[in-house]
Amino acid sequence: MRLASGAFEDLRDGAGLPSHTDTQFWHRTGLLALAPLIDNERFGWSLETLPDALKTAYLRPLLSLMEVPLREENARSLALGHCGLAVAFHQAEAMLSSRTVDRVLVLAADSYVDSESLAWLSSRHRLKSPQRHVGLMPGEAGAAILVERPTVARRRNAPTHVHIEAVALGTLPKPGATLAQLGRAFAQATQQVLAASTSTKPFQGDLFVDLNGEEWKAQAWGHAQVLLTDHVDFPRCRVLHPAESLGETGAAGAPVSLAMAAWAFFRGHATGESALVCSLSDAGQVASVLSTRAGATSSTG
(Lines give C-alpha, C1' and ligand atoms only; values in the text may rest on other atoms or scores of the structure.)
Protein backbone atom coordinates (compact mmCIF):
# COMPACT_ATOMS: atom_id res chain seq x y z
CA MET A 1 0.00 0.00 0.00
CA ARG A 2 2.83 2.38 0.84
CA LEU A 3 4.54 1.43 -2.43
CA ALA A 4 1.41 2.49 -4.33
CA SER A 5 1.05 5.65 -2.27
CA GLY A 6 4.71 6.54 -2.82
CA ALA A 7 4.37 6.02 -6.57
CA PHE A 8 1.36 8.33 -6.58
CA GLU A 9 3.32 11.02 -4.74
CA ASP A 10 6.11 10.78 -7.33
CA LEU A 11 3.60 11.14 -10.18
CA ARG A 12 1.74 13.98 -8.47
CA ASP A 13 4.94 15.96 -7.87
CA GLY A 14 6.69 15.05 -11.13
CA ALA A 15 3.69 15.73 -13.36
CA GLY A 16 2.60 18.80 -11.43
CA LEU A 17 -0.87 17.50 -10.65
CA PRO A 18 -3.21 19.87 -8.76
CA SER A 19 -3.23 19.96 -4.97
CA HIS A 20 -5.95 18.43 -2.81
CA THR A 21 -7.83 21.73 -2.84
CA ASP A 22 -8.76 21.27 -6.52
CA THR A 23 -11.81 19.15 -5.80
CA GLN A 24 -13.16 19.43 -9.35
CA PHE A 25 -10.00 17.79 -10.75
CA TRP A 26 -9.94 14.94 -8.24
CA HIS A 27 -13.70 14.33 -8.29
CA ARG A 28 -13.33 13.76 -12.04
CA THR A 29 -10.40 11.34 -11.57
CA GLY A 30 -10.89 7.57 -11.35
CA LEU A 31 -8.57 5.13 -9.62
CA LEU A 32 -7.63 1.58 -10.56
CA ALA A 33 -5.43 -0.02 -7.90
CA LEU A 34 -3.57 -3.08 -9.19
CA ALA A 35 -2.67 -5.86 -6.79
CA PRO A 36 -1.13 -9.35 -7.00
CA LEU A 37 -3.14 -12.45 -7.72
CA ILE A 38 -4.56 -13.44 -4.34
CA ASP A 39 -3.12 -16.86 -3.56
CA ASN A 40 -4.34 -18.39 -0.33
CA GLU A 41 -0.96 -19.99 0.32
CA ARG A 42 0.87 -16.68 -0.12
CA PHE A 43 -1.49 -14.38 1.77
CA GLY A 44 -3.38 -16.78 4.05
CA TRP A 45 -6.76 -15.74 2.65
CA SER A 46 -8.63 -15.79 -0.63
CA LEU A 47 -11.20 -13.62 -2.40
CA GLU A 48 -13.65 -16.51 -2.14
CA THR A 49 -13.55 -16.39 1.67
CA LEU A 50 -13.07 -12.61 1.99
CA PRO A 51 -14.60 -11.00 -1.15
CA ASP A 52 -14.51 -7.46 0.31
CA ALA A 53 -10.97 -7.66 1.66
CA LEU A 54 -9.38 -5.78 -1.25
CA LYS A 55 -11.75 -2.87 -0.77
CA THR A 56 -11.57 -2.69 3.01
CA ALA A 57 -7.91 -3.59 3.57
CA TYR A 58 -6.31 -2.07 0.44
CA LEU A 59 -8.44 0.36 -1.55
CA ARG A 60 -9.90 2.43 1.29
CA PRO A 61 -6.62 2.75 3.24
CA LEU A 62 -4.86 3.66 -0.01
CA LEU A 63 -7.40 6.40 -0.72
CA SER A 64 -6.79 7.73 2.78
CA LEU A 65 -3.01 7.73 2.34
CA MET A 66 -3.22 9.62 -0.97
CA GLU A 67 -4.79 12.65 0.75
CA VAL A 68 -6.64 13.91 -2.32
CA PRO A 69 -10.44 14.03 -2.65
CA LEU A 70 -10.92 11.03 -4.96
CA ARG A 71 -14.41 9.59 -4.85
CA GLU A 72 -14.65 5.99 -3.67
CA GLU A 73 -17.39 5.28 -6.24
CA ASN A 74 -14.79 6.02 -8.96
CA ALA A 75 -12.18 3.68 -7.43
CA ARG A 76 -11.67 -0.05 -7.99
CA SER A 77 -9.07 -2.65 -7.13
CA LEU A 78 -7.93 -5.41 -9.48
CA ALA A 79 -6.04 -8.46 -8.22
CA LEU A 80 -4.74 -9.81 -11.53
CA GLY A 81 -0.98 -9.92 -11.08
CA HIS A 82 1.15 -9.46 -14.17
CA CYS A 83 -1.83 -8.90 -16.51
CA GLY A 84 -3.47 -6.20 -14.38
CA LEU A 85 -2.26 -3.33 -16.58
CA ALA A 86 -4.03 -4.68 -19.68
CA VAL A 87 -7.30 -5.06 -17.77
CA ALA A 88 -6.82 -1.61 -16.25
CA PHE A 89 -6.52 -0.03 -19.71
CA HIS A 90 -9.73 -1.77 -20.83
CA GLN A 91 -11.55 -0.55 -17.72
CA ALA A 92 -10.07 2.94 -18.03
CA GLU A 93 -11.39 3.14 -21.59
CA ALA A 94 -14.86 2.17 -20.36
CA MET A 95 -14.73 4.73 -17.53
CA LEU A 96 -13.64 7.50 -19.89
CA SER A 97 -16.26 6.55 -22.48
CA SER A 98 -19.00 6.67 -19.83
CA ARG A 99 -17.85 10.24 -19.02
CA THR A 100 -18.04 9.55 -15.30
CA VAL A 101 -14.41 10.69 -15.07
CA ASP A 102 -12.01 12.74 -17.21
CA ARG A 103 -8.92 10.71 -16.33
CA VAL A 104 -7.96 7.47 -14.64
CA LEU A 105 -5.08 6.97 -12.27
CA VAL A 106 -3.57 3.47 -12.42
CA LEU A 107 -1.56 2.54 -9.32
CA ALA A 108 0.27 -0.77 -9.05
CA ALA A 109 2.28 -2.25 -6.22
CA ASP A 110 3.68 -5.66 -5.39
CA SER A 111 6.37 -7.04 -3.10
CA TYR A 112 7.96 -10.45 -2.90
CA VAL A 113 10.43 -9.52 -0.17
CA ASP A 114 8.17 -9.92 2.86
CA SER A 115 8.70 -13.05 4.93
CA GLU A 116 5.37 -14.63 3.93
CA SER A 117 6.03 -14.22 0.20
CA LEU A 118 9.60 -15.49 0.53
CA ALA A 119 8.39 -18.57 2.39
CA TRP A 120 5.72 -19.12 -0.26
CA LEU A 121 8.25 -18.81 -3.10
CA SER A 122 10.67 -21.12 -1.31
CA SER A 123 7.99 -23.76 -0.70
CA ARG A 124 7.32 -23.79 -4.46
CA HIS A 125 11.03 -23.98 -5.34
CA ARG A 126 10.81 -20.75 -7.34
CA LEU A 127 13.72 -18.86 -5.76
CA LYS A 128 17.14 -18.60 -7.32
CA SER A 129 19.79 -19.68 -4.83
CA PRO A 130 23.34 -21.08 -4.67
CA GLN A 131 21.76 -24.52 -4.75
CA ARG A 132 19.22 -23.65 -7.46
CA HIS A 133 20.63 -21.63 -10.35
CA VAL A 134 17.35 -21.30 -12.25
CA GLY A 135 14.75 -19.25 -10.42
CA LEU A 136 13.59 -15.74 -9.67
CA MET A 137 15.05 -12.96 -7.55
CA PRO A 138 12.36 -11.37 -5.37
CA GLY A 139 11.77 -7.67 -5.79
CA GLU A 140 9.22 -5.00 -5.05
CA ALA A 141 8.00 -1.90 -6.87
CA GLY A 142 5.25 0.63 -7.16
CA ALA A 143 4.20 2.47 -10.32
CA ALA A 144 1.70 5.19 -11.19
CA ILE A 145 0.26 6.04 -14.61
CA LEU A 146 -2.27 8.74 -15.44
CA VAL A 147 -4.51 7.90 -18.41
CA GLU A 148 -6.26 10.72 -20.23
CA ARG A 149 -7.75 11.36 -23.62
CA PRO A 150 -5.48 13.59 -25.75
CA THR A 151 -8.01 16.41 -25.83
CA VAL A 152 -8.29 16.51 -22.03
CA ALA A 153 -4.50 16.37 -21.58
CA ARG A 154 -4.00 19.22 -24.06
CA ARG A 155 -6.71 21.32 -22.40
CA ARG A 156 -4.76 21.42 -19.15
CA ASN A 157 -1.33 21.63 -20.87
CA ALA A 158 -0.27 18.33 -19.30
CA PRO A 159 3.18 16.87 -20.02
CA THR A 160 2.65 13.56 -21.82
CA HIS A 161 5.10 11.00 -23.10
CA VAL A 162 3.36 7.95 -24.53
CA HIS A 163 0.23 7.02 -26.48
CA ILE A 164 -1.45 3.66 -25.92
CA GLU A 165 -2.11 2.16 -29.35
CA ALA A 166 -3.58 -1.26 -28.52
CA VAL A 167 -4.07 -3.68 -25.65
CA ALA A 168 -4.60 -7.45 -25.87
CA LEU A 169 -5.48 -9.83 -23.07
CA GLY A 170 -5.52 -13.60 -23.43
CA THR A 171 -7.92 -15.91 -21.63
CA LEU A 172 -6.86 -18.05 -18.71
CA PRO A 173 -5.38 -21.30 -20.05
CA LYS A 174 -7.05 -24.60 -19.39
CA PRO A 175 -5.55 -26.69 -16.58
CA GLY A 176 -2.60 -28.68 -17.88
CA ALA A 177 -1.86 -26.31 -20.75
CA THR A 178 1.56 -26.97 -22.25
CA LEU A 179 4.34 -24.40 -22.56
CA ALA A 180 3.87 -24.52 -26.32
CA GLN A 181 0.21 -23.55 -25.85
CA LEU A 182 1.22 -20.69 -23.53
CA GLY A 183 3.74 -19.56 -26.12
CA ARG A 184 1.08 -19.65 -28.84
CA ALA A 185 -1.23 -17.51 -26.69
CA PHE A 186 1.69 -15.12 -26.02
CA ALA A 187 2.33 -14.80 -29.75
CA GLN A 188 -1.37 -14.30 -30.55
CA ALA A 189 -1.71 -11.46 -28.01
CA THR A 190 1.36 -9.75 -29.46
CA GLN A 191 0.16 -10.20 -33.05
CA GLN A 192 -3.21 -8.73 -32.03
CA VAL A 193 -1.73 -5.45 -30.80
CA LEU A 194 0.68 -5.23 -33.74
CA ALA A 195 -2.27 -5.59 -36.11
CA ALA A 196 -3.57 -2.28 -34.74
CA SER A 197 -0.36 -0.51 -35.73
CA THR A 198 -0.37 1.68 -38.82
CA SER A 199 3.06 0.31 -39.78
CA THR A 200 3.16 -2.47 -42.35
CA LYS A 201 6.71 -3.46 -41.36
CA PRO A 202 7.62 -5.93 -38.61
CA PHE A 203 7.83 -4.28 -35.20
CA GLN A 204 11.08 -2.48 -34.34
CA GLY A 205 11.64 -0.81 -31.00
CA ASP A 206 11.91 -1.54 -27.31
CA LEU A 207 10.42 -4.89 -26.34
CA PHE A 208 9.79 -5.42 -22.64
CA VAL A 209 9.25 -9.03 -21.54
CA ASP A 210 8.62 -10.02 -17.92
CA LEU A 211 10.96 -13.00 -17.92
CA ASN A 212 12.12 -13.44 -14.32
CA GLY A 213 14.63 -16.29 -14.40
CA GLU A 214 12.07 -19.07 -14.17
CA GLU A 215 12.49 -21.75 -16.79
CA TRP A 216 8.80 -22.16 -17.64
CA LYS A 217 8.46 -18.50 -18.60
CA ALA A 218 11.59 -18.61 -20.74
CA GLN A 219 10.35 -21.67 -22.58
CA ALA A 220 6.90 -20.15 -23.19
CA TRP A 221 8.53 -16.97 -24.58
CA GLY A 222 10.83 -19.13 -26.71
CA HIS A 223 7.81 -20.76 -28.35
CA ALA A 224 6.28 -17.31 -28.88
CA GLN A 225 9.43 -15.96 -30.50
CA VAL A 226 9.38 -18.69 -33.13
CA LEU A 227 5.80 -17.73 -34.05
CA LEU A 228 6.56 -13.99 -34.07
CA THR A 229 9.50 -13.93 -36.49
CA ASP A 230 7.32 -12.56 -39.31
CA HIS A 231 5.82 -9.87 -37.06
CA VAL A 232 8.75 -8.72 -34.89
CA ASP A 233 12.16 -7.72 -36.29
CA PHE A 234 14.06 -9.15 -33.33
CA PRO A 235 17.56 -8.18 -34.60
CA ARG A 236 16.41 -4.50 -34.68
CA CYS A 237 14.67 -4.61 -31.31
CA ARG A 238 16.11 -3.89 -27.89
CA VAL A 239 14.75 -6.70 -25.73
CA LEU A 240 14.57 -5.68 -22.09
CA HIS A 241 13.92 -7.81 -19.01
CA PRO A 242 13.41 -5.39 -16.08
CA ALA A 243 13.48 -8.30 -13.61
CA GLU A 244 17.22 -8.63 -14.27
CA SER A 245 17.69 -5.35 -12.39
CA LEU A 246 14.62 -5.08 -10.19
CA GLY A 247 13.83 -8.69 -9.43
CA GLU A 248 10.31 -10.09 -9.78
CA THR A 249 7.87 -7.23 -9.22
CA GLY A 250 4.64 -9.04 -10.10
CA ALA A 251 1.64 -6.76 -10.58
CA ALA A 252 3.91 -3.70 -10.82
CA GLY A 253 6.05 -5.24 -13.56
CA ALA A 254 4.06 -4.13 -16.63
CA PRO A 255 3.41 -0.58 -15.33
CA VAL A 256 7.12 -0.24 -14.51
CA SER A 257 7.98 -1.41 -18.05
CA LEU A 258 5.57 1.12 -19.55
CA ALA A 259 7.11 3.86 -17.40
CA MET A 260 10.55 2.79 -18.67
CA ALA A 261 9.27 3.01 -22.25
CA ALA A 262 7.84 6.48 -21.59
CA TRP A 263 11.12 7.61 -20.01
CA ALA A 264 13.07 6.29 -23.00
CA PHE A 265 10.83 8.26 -25.37
CA PHE A 266 11.16 11.38 -23.19
CA ARG A 267 14.95 11.15 -22.83
CA GLY A 268 15.45 10.25 -26.48
CA HIS A 269 17.17 6.90 -26.03
CA ALA A 270 14.33 4.64 -27.21
CA THR A 271 15.30 2.41 -30.14
CA GLY A 272 12.18 3.23 -32.14
CA GLU A 273 8.89 5.10 -32.17
CA SER A 274 6.99 2.19 -30.54
CA ALA A 275 7.37 -0.05 -27.51
CA LEU A 276 5.85 -3.41 -26.65
CA VAL A 277 5.16 -4.62 -23.11
CA CYS A 278 4.52 -8.38 -22.95
CA SER A 279 3.37 -10.10 -19.77
CA LEU A 280 2.79 -13.67 -18.62
CA SER A 281 1.08 -14.15 -15.26
CA ASP A 282 1.66 -16.92 -12.73
CA ALA A 283 -1.74 -18.27 -13.82
CA GLY A 284 -0.56 -18.52 -17.44
CA GLN A 285 -2.58 -15.56 -18.71
CA VAL A 286 -0.87 -13.36 -21.31
CA ALA A 287 -1.15 -9.68 -22.19
CA SER A 288 0.48 -7.25 -24.61
CA VAL A 289 0.42 -3.46 -24.70
CA LEU A 290 1.61 -1.47 -27.72
CA SER A 291 2.57 2.16 -27.12
CA THR A 292 4.08 4.88 -29.26
CA ARG A 293 5.99 8.07 -28.63
CA ALA A 294 3.52 10.81 -27.82
CA GLY A 295 3.28 13.69 -30.24
CA ALA A 296 0.61 16.31 -30.31
CA THR A 297 -1.95 13.63 -29.37
CA SER A 298 -0.33 11.92 -26.38
CA SER A 299 -2.52 10.38 -23.70
CA THR A 300 -0.55 8.98 -20.81
CA GLY A 301 1.80 10.64 -18.38
Side-chain angles (χ1 to χ4, degrees), residues 82-83 85-90 93 145 147 150 160-171 173 177-245 253-281 284-300:
H82 297 73
C83 293
L85 182 65
V87 178
F89 280 145
H90 284 310
E93 173 67 23
I145 298 168
V147 183
T160 55
H161 309 303
V162 64
H163 180 82
I164 304 303
E165 289 287 341
V167 178
L169 178 69
T171 57
T178 65
L179 294 175
Q181 290 171 321
L182 295 183
R184 189 176 304 116
F186 222 157
Q188 288 172 346
T190 304
Q191 290 172 23
Q192 185 178 334
V193 296
L194 292 178
S197 171
T198 55
S199 174
T200 58
K201 298 180 179 178
F203 172 81
Q204 298 178 9
D206 288 343
L207 174 55
F208 295 85
V209 188
D210 64 352
L211 300 188
N212 62 0
E214 291 189 284
E215 192 171 6
W216 73 276
K217 276 200 167 190
Q219 290 191 26
W221 176 242
H223 286 290
Q225 278 187 288
V226 172
L227 299 171
L228 287 170
T229 52
D230 291 337
H231 306 275
V232 177
D233 189 351
F234 285 104
R236 289 182 171 80
C237 287
R238 179 170 59 173
V239 182
L240 299 158
H241 306 131
E244 290 179 351
S245 302
V256 166
S257 293
L258 184 62
M260 291 173 65
W263 185 248
F265 288 143
F266 175 67
R267 298 291 295 180
H269 58 75
T271 55
E273 295 298 309
S274 301
L276 262 175
V277 176
C278 300
S279 307
L280 174 60
S281 79
Q285 192 171 22
V286 299
S288 291
V289 175
L290 176 66
S291 61
T292 58
R293 185 194 303 272
T297 56
S298 54
S299 66
T300 303

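These values consider heavy atoms only, across backbone and side chains, with no hydrogens, waters or symmetry-generated copies.
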Among residues at least two apart in sequence or on other chains, which ones pass side chain to side chain donor-acceptor pair (under 3.5 Å) with [X]?
X: S279; answer: none
X: T271; answer: D206
X: S274; answer: none

About how many Å separate OG of S288 and CD of Q192, when rounded to the nearest 0.5 Å?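 Nearest 0.5 Å value for the CD-OG distance: 8.5 Å.
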Between atom CG of L194 and atom NE2 of H231, what is the distance when rounded to the nearest 0.5 Å?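 With rounding to 0.5 Å, CG (L194) is 8.0 Å from NE2 (H231).
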Quick one: closest heavy-atom pair of [X] and [Y], and the distance?
X: Q219; Y: L179; answer: OE1-CD1, 3.1 Å
X: A224; Y: G183; answer: CB-O, 3.4 Å
X: T178; Y: Q181; answer: N-OE1, 2.8 Å
X: C278; Y: L207; answer: SG-CD1, 3.9 Å
X: A287; Y: F186; answer: O-CE2, 4.4 Å
X: A270; Y: F265; answer: CB-CD2, 3.6 Å

Does any part of the side chain of [Y], heavy atoms only, come nearer than 4.5 Å to the side chain of [X], both counted from C-beta?
X: V147; Y: I164; value: no
X: L228; Y: F234; value: yes
X: T292; Y: H163; value: yes
X: W221; Y: D210; value: no
X: T190; Y: L227; value: no

Among T171, L169, L280, L182, the one residue meeting side-chain contact (heavy atoms from CB on, under 4.5 Å) with Q285: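 Only one option passes, and that is L169.
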Would you check, one step at a time, whether the test side chain to side chain contact (heavy atoms under 4.5 Å, CB included) holds for K217 with H82? CA-CA 12 Å; K217 276 200 167 190; H82 297 73; 3.6 Å; yes
Donor-acceptor under 3.5 Å (R236 side chain, Q204 main chain):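 The answer is no, because no donor-acceptor pair under 3.5 Å joins these two groups.
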Between F266 and H161, does the ring centroid distance fall short of 6.0 Å?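 Between H161 and F266, which both carry aromatic rings, the centre distance is below 6.0 Å.
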